[in-house]
**Student:** 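The structure follows.
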Amino acid sequence: MPELAISSDKVGFLIEKARQFDAKDIEVDTDEGSNGSDDRMIDVLEDDGEDPVVREISGFIAALSDDEKIDLVALMRLGRGDGTIDDWTDLRREAAEGNRGRTARYLLGEPLLGDLLAEGLEEFGIDWSGERTTPVN
């Protein structure tokens, strides 16, 4: 079984944050004037381009080592079905070749990122579950 350069705790944190991001919807009513208590805070689920979760994910990924970023991309691709655990070396090589300093943007552009990362960890037989509200070092 191949080794991961990134810890399952770090991936678990990103899974949870990515799922928060994936829950967002496009902004529908940009001129609405109601207050939060009247509209049941529905606007919190709209993506207005100023999402603090995106900034948190981007900052977290930026602080990772190159090997951790490569594993993160390879895990997403593994979870997406681009290969099997036996193809891990190839998935990592392809992730490294495509690493152009835009890892966060690339990953955040992938629909259901959290689910894909979770599926990638499952291929390694790793249980990532557990409550995380802050990143684990």
**Student:** At their closest point, which heavy atom of G114 faces which heavy atom of A18, and how far apart are they?
**Tutor:** N-CB, 3.6 Å
**Student:** Below 4.5 Å, heavy atoms only, C-beta onward: do W88 and M1 meet side chain to side chain?
**Tutor:**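 Sidechains of M1 and W88: no contact.
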**Student:** I want to check something: taking the side chain as every heavy atom from C-beta on, are L107 and L117 in contact at a cut-off of under 4.5 Å?
**Tutor:** no
**Student:** Do E68 side-chain atoms and S65 backbone N/O form a donor-acceptor pair below 3.5 Å?
**Tutor:** yes
**Student:** Quick check: do D115 and R19 have side-chain heavy atoms less than 4.5 Å from each other?
**Tutor:**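 When only atoms from C-beta onward are counted, R19 and D115 do touch, with a gap below 4.5 Å.
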**Student:** Just do the side-chain contact (heavy atoms from CB on, under 4.5 Å) check on L121 and D127 with the steps written out, would you?
**Tutor:** CA-CA 7 Å; L121 282 181; D127 178 23; over 6 Å; no
**Student:** If you take all heavy atoms of V53 and Q20, which pair is closest and at what distance?
**Tutor:**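 For V53 and Q20, the tightest heavy-atom pair comes out as CG2-OE1, 3.5 Å.
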**Student:** Is any NZ, NE, NH1 or NH2 atom of the basic residue among R80 and E119 found under 4.0 Å from an Asp or Glu carboxylate oxygen of the other?
**Tutor:** no
**Student:** Between CZ of R77 and CD of E110, what distance do you get to the nearest 0.5 Å?
**Tutor:** 9.0 Å
**Student:** Please find the pair of heavy atoms, one from V73 and one from A95, that lie closest to each other, and give the distance.
**Tutor:**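 Residues V73 and A95, closest heavy atoms: CG1-CB, 3.6 Å.
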**Student:** When you measure from the side chain of D67 to the backbone N and O of A5, does any donor-acceptor pair fall under 3.5 Å?
**Tutor:** no
**Student:** With heavy-atom distances below 4.5 Å as the criterion, would you say the side chains of S8 and F124 are in contact?
**Tutor:**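 Sidechains of F124 and S8: no contact.
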**Student:** Side chains of L116 and L78, heavy atoms from C-beta outward: is any pair under 4.5 Å?
**Tutor:**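 Not touching, per the 4.5 Å side-chain cut-off.
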**Student:** Does L72 belong to the same Ile/Leu/Val/Met/Phe/Trp/Tyr cluster as L91, with side-chain heavy atoms less than 4.5 Å apart forming each link?
**Tutor:** yes
**Student:** Would you call the rings of F13 and F60 parallel, tilted or perpendicular, taking 30° and 60° as the class edges?
**Tutor:**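 Tilted: the ring planes of F13 and F60 meet at 30° to 60°.
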**Student:** About how many Å separate CG of L14 and CD of E56, when rounded to the nearest 0.5 Å?
**Tutor:** 9.5 Å
**Student:** Check whether D87 reaches the backbone of T84 with its side chain - one donor and one acceptor, N or O, closer than 3.5 Å.
**Tutor:**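 Side chain of D87 to backbone of T84, a donor-acceptor pair under 3.5 Å: yes, one is there.
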**Student:** Would you indicate whether E97, at its atom CD, is surrounded by more than 12 heavy atoms from other residues, nucleotides or ligands within a distance under 6.0 Å?
**Tutor:**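 Above 12, so yes.
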**Student:** Going through the checks in order, is the side-chain contact (heavy atoms from CB on, under 4.5 Å) test met by L4 and L75?
**Tutor:** CA-CA 9 Å; L4 283 173; L75 268 175; 4.3 Å; yes
**Student:** Above 12 or not: heavy atoms from other molecules or residues under 6.0 Å from CZ of R102?
**Tutor:**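 No, CZ of R102 has 12 or fewer neighbouring heavy atoms, counting only those of other groups under 6.0 Å.
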**Student:** Using the rule that two of Ile, Leu, Val, Met, Phe, Trp, Tyr join whenever any of their side-chain heavy atoms come within less than 4.5 Å, decide whether L64 and I15 are in one cluster.
**Tutor:** yes
**Student:** Could you check if a side-chain atom of S58 sits within less than 4.5 angstrom of a side-chain atom of L108, using non-hydrogen atoms only?
**Tutor:** yes
